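All values reported here derive from a predicted model rather than from experimental measurement.
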Amino acid sequence: MDYLQKQSPPFNDSKVSRKYIHDDLAFYVLSKLAIKSLKRFGCVRKSWSILFDDSDFMALFRNHFITRHGSDDDHHTFLLIHHRELPATPDYRFHAELHLLENRLKLNLPPPFQVDDNHLSILGKTSVNGIFCIGQYFVGGDSNKVIYVLWNPAIQEFFVIPPSPGHLLPKHRVHVLHDFHGFGYAQVRDDFKVIQYVSFDTSGRGDGYDDYPRIMYDPFFEIYSLRNNSWKILHIDDMSLRYVGNAFTGDELYMNGACHWLVNSQPDKIVLLSFDLSDEMFFTTPIGEISDYNYGHLAVLNGSIAYIINHDNDDIFHISILGELGVKESWIKLFIYGPIPSMDWPLIGFGKKGYVFFRKKDDELAYVDLSTQIIEELGVKGEDYCCKIGIYKESLVSIRGSTN
């Protein structure tokens, strides 16, 4: 408030007018604030309490939000793309490539993945302190063939995470399923961590499994610590969370020391489930607007958690951002964009400058510049669910340098 008062124009020398803040000036300053701060300023003046309903203010807010971080030269947009083997074969062989789009640079994947049958994923949708966590899964879910690798491409360093104890369960009695659920950095402990969900398939498989008594195992979360170079089971107080693994959309992301997921907690209800990597606690944030569960998408847009929905599979998408974790009312609808008749849902993700990347129905990859609403093609083709987009920031720090 002191800053706003000092910037207000001195219309005359009266005590009242010296304290008056013209809405044009106030809106300009307020439009640069974070959503959490704006909600607090709502109690100062009635007109400020309904800022998000004001079209002029929202235009200013959107402009500042999109241009924020847009000029960071050390940030890059990465594209992980899988090319299907042609002619197509029954085992769906792929070749994976990682590119930095701004300078059209192709990154050579680390040795564990320099083969032609890689079906890889950048876990958490981003690099964390310059480090990627890459996951590789094999068709059939063989638990001996789930690989997680930490990789710093700037210094060409990689670290293969050792298998968890869950990988060592007797294979003749149960089929163990390992699903990645999170990767990030715990600043308090200066530690990189990976989360996975372990579940079990005890149904008859026709390959000798039926010869053994059926044993029921409860699913569980386990977490890997790079500092300790070990896995441990996460102890969860809320018993209902023990069985949410099948409810995850696989649409995980990392931001500011926590992992986040969309979870189908009830047949018609979606919540944002978050996990603080420092205190290792789960917590939830309700989502105000609910659409068809299959069309929800989670991403990071310029440092904020974004929830993107596509109503009734039309060509228009809605982007809301979260102002404060745990507060349902802090979701703000920021953009309604479309129609884009050529767009194939879901979106691929967000890149630098808030560009929204998507796949066209002719397989061409393209992006929308939200500030100009101009669509540009990349000149690259990608198949359905074979592309990942995110932000990469270079780092010269060794993967294990700060933990040794």
*Asks:* How long is the gap from OH on Y254 to OG1 on T126, to the nearest 0.5 Å?
*Replies:* 9.0 Å
*Asks:* Measure the NE2-CD1 distance between H318 and I308 for me, rounded to the nearest 0.5 Å.
*Replies:* 12.0 Å
*Asks:* Are M255 and I305 packed together at the side-chain level, in the sense that at least one heavy-atom pair is separated by less than 4.5 angstrom?
*Replies:* yes
*Asks:* If only atom types and distance count, is the side chain of T285 paired as donor or acceptor with the main-chain N or O of L325 below 3.5 Å?
*Replies:* no
*Asks:* Taking the inter-plane angle between the rings of Y148 and W231 on a 0 to 90° scale, is it parallel (under 30°), tilted (30 to 60°) or perpendicular (over 60°)?
*Replies:* tilted
*Asks:* Is the shortest side-chain heavy-atom distance between L396 and E394 below 4.5 Å?
*Replies:* no
*Asks:* Do S278 and Q187 get their side chains close enough for a donor-acceptor pair, meaning under 3.5 Å?
*Replies:* no
*Asks:* Quick check for you: to the nearest 0.5 Å, what is the distance between S225 atom OG and L277 atom CG?
*Replies:* 10.5 Å
*Asks:* When the aromatic ring centroids of F78 and F132 are compared, is their separation below 6.0 Å?
*Replies:* yes
*Asks:* Are the side chain of T77 and the backbone of K352 linked by a donor-acceptor contact shorter than 3.5 Å?
*Replies:* yes
*Asks:* Between the main-chain N or O of W261 and the side-chain N or O of E252, is there a donor-acceptor pair closer than 3.5 Å?
*Replies:* no
*Asks:* Work out which heavy atom in F61 is nearest to a heavy atom in L33; give both atom names and the distance.
*Replies:* CE1-O, 3.4 Å
*Asks:* So, for G382 and R359, which heavy atoms are closest and what is the spacing to 0.1 Å?
*Replies:* O-NE, 2.8 Å
*Asks:* Taking side chain as C-beta onward, heavy atoms only, is H181 less than 4.5 Å from C259?
*Replies:* no
*Asks:* Without swapping roles, check the side chain of E157 against the backbone of I399 for a donor-acceptor pair under 3.5 Å.
*Replies:* yes
*Asks:* For S330 and I35, which heavy atoms make the closest approach, and how far apart are they?
*Replies:* O-CG2, 3.9 Å
*Asks:* Working note: Y367 + L378, criterion side-chain contact (heavy atoms from CB on, under 4.5 Å); need CA distance, chi angles, decisive distance, verdict.
*Replies:* CA-CA 8 Å; Y367 67 88; L378 295 182; 3.7 Å; yes
*Asks:* Are any of the side-chain heavy atoms of T284 and L272 separated by less than 4.5 Å?
*Replies:* no
*Asks:* Taking N152 for its side chain and V397 for its backbone only, find out whether a donor-acceptor pair lies under 3.5 Å.
*Replies:* yes
*Asks:* Does D191 use its side chain to pair, donor to acceptor, with the backbone of R227 at less than 3.5 Å?
*Replies:* yes
*Asks:* Kindly say whether I66 contributes a backbone atom to a donor-acceptor pair with the side chain of N302 at under 3.5 angstrom?
*Replies:* yes
*Asks:* Do NZ/NE/NH1/NH2 and the carboxylate oxygens of E329 and K39 come within less than 4.0 Å?
*Replies:* no
*Asks:* CZ of F192 to SG of C133: how many Å apart, nearest 0.5 Å?
*Replies:* 10.5 Å
*Asks:* Can you find a heavy atom in the side chain of L101 that is under 4.5 Å from one in the side chain of F357?
*Replies:* yes
*Asks:* Show, in sequence, the C-alpha distance, side-chain angles and deciding distance for F221 and F275, and conclude whether the ring pair (Phe, Tyr, Trp, His ring centres under 6.0 Å) test is met.
*Replies:* CA-CA 12 Å; F221 287 97; F275 179 78; 8.0 Å; no
*Asks:* Could you walk me through whether D54 and F27 satisfy the side-chain contact (heavy atoms from CB on, under 4.5 Å) test, starting with their C-alpha distance in whole Å, then the side-chain angles of each, then the deciding distance to 0.1 Å, before giving a yes or no?
*Replies:* CA-CA 10 Å; D54 187 294; F27 282 13; 3.7 Å; yes
*Asks:* Compare every heavy atom of Y185 with every heavy atom of D190, then report the nearest pair and how far apart it is.
*Replies:* OD1-OH, 2.6 Å
*Asks:* Can you confirm whether I319 sits close enough to L370 that some side-chain heavy atom of one is under 4.5 Å from a side-chain heavy atom of the other?
*Replies:* yes
*Asks:* Is the shortest heavy-atom distance from the side chain of V198 to the side chain of E222 under 4.5 Å?
*Replies:* yes
*Asks:* Check whether Y28 reaches the backbone of L60 with its side chain - one donor and one acceptor, N or O, closer than 3.5 Å.
*Replies:* no
*Asks:* What distance do I340 atom CD1 and K361 atom NZ have between them, rounded to the nearest 0.5 Å?
*Replies:* 11.0 Å
*Asks:* Indicate yes or no for a side-chain donor-acceptor contact from D362 to the backbone of E364 under 3.5 Å, with no hydrogens or angles considered.
*Replies:* yes
*Asks:* Tell me, do L262 and H297 make a side-chain contact under 4.5 Å, heavy atoms counted?
*Replies:* no
*Asks:* Before you tell me yes or no, could you show the steps for L38 and I332 under side-chain contact (heavy atoms from CB on, under 4.5 Å), namely the whole-Å CA-CA distance, both residues' side-chain angles and the distance that decides it to 0.1 Å?
*Replies:* CA-CA 11 Å; L38 285 172; I332 300 298; over 6 Å; no
*Asks:* Walk me through whether Q196 and Y224 qualify under side-chain contact (heavy atoms from CB on, under 4.5 Å).
*Replies:* CA-CA 9 Å; Q196 70 176 0; Y224 171 80; over 6 Å; no
*Asks:* State whether the number of non-hydrogen atoms from other residues, nucleotides or ligands found under 6.0 Å of K381 atom NZ is greater than 12.
*Replies:* yes
*Asks:* Determine the minimum heavy-atom distance between I348 and C387, stating which atoms define it.
*Replies:* CG2-O, 3.7 Å
*Asks:* Yes or no on ring pair (Phe, Tyr, Trp, His ring centres under 6.0 Å) for H99 and Y392, after CA distance, side-chain angles and deciding distance?
*Replies:* CA-CA 11 Å; H99 301 264; Y392 165 63; over 10 Å; no
*Asks:* Does E280 pair with R189 as a salt bridge, N-O distance under 4.0 Å?
*Replies:* no
*Asks:* If you take all heavy atoms of I391 and H75, which pair is closest and at what distance?
*Replies:* CG2-CD2, 3.6 Å
*Asks:* Assess, by modelled atom type and distance only, whether the side chains of S395 and N129 contain a donor and an acceptor separated by less than 3.5 Å.
*Replies:* no
*Asks:* Do any N or O atoms from the side chain of R62 and from the backbone of F335 form a donor-acceptor pair under 3.5 angstrom?
*Replies:* no
*Asks:* Supply the atom-to-atom distance S121 OG to Q136 CD, rounded to the nearest 0.5 angstrom.
*Replies:* 11.5 Å
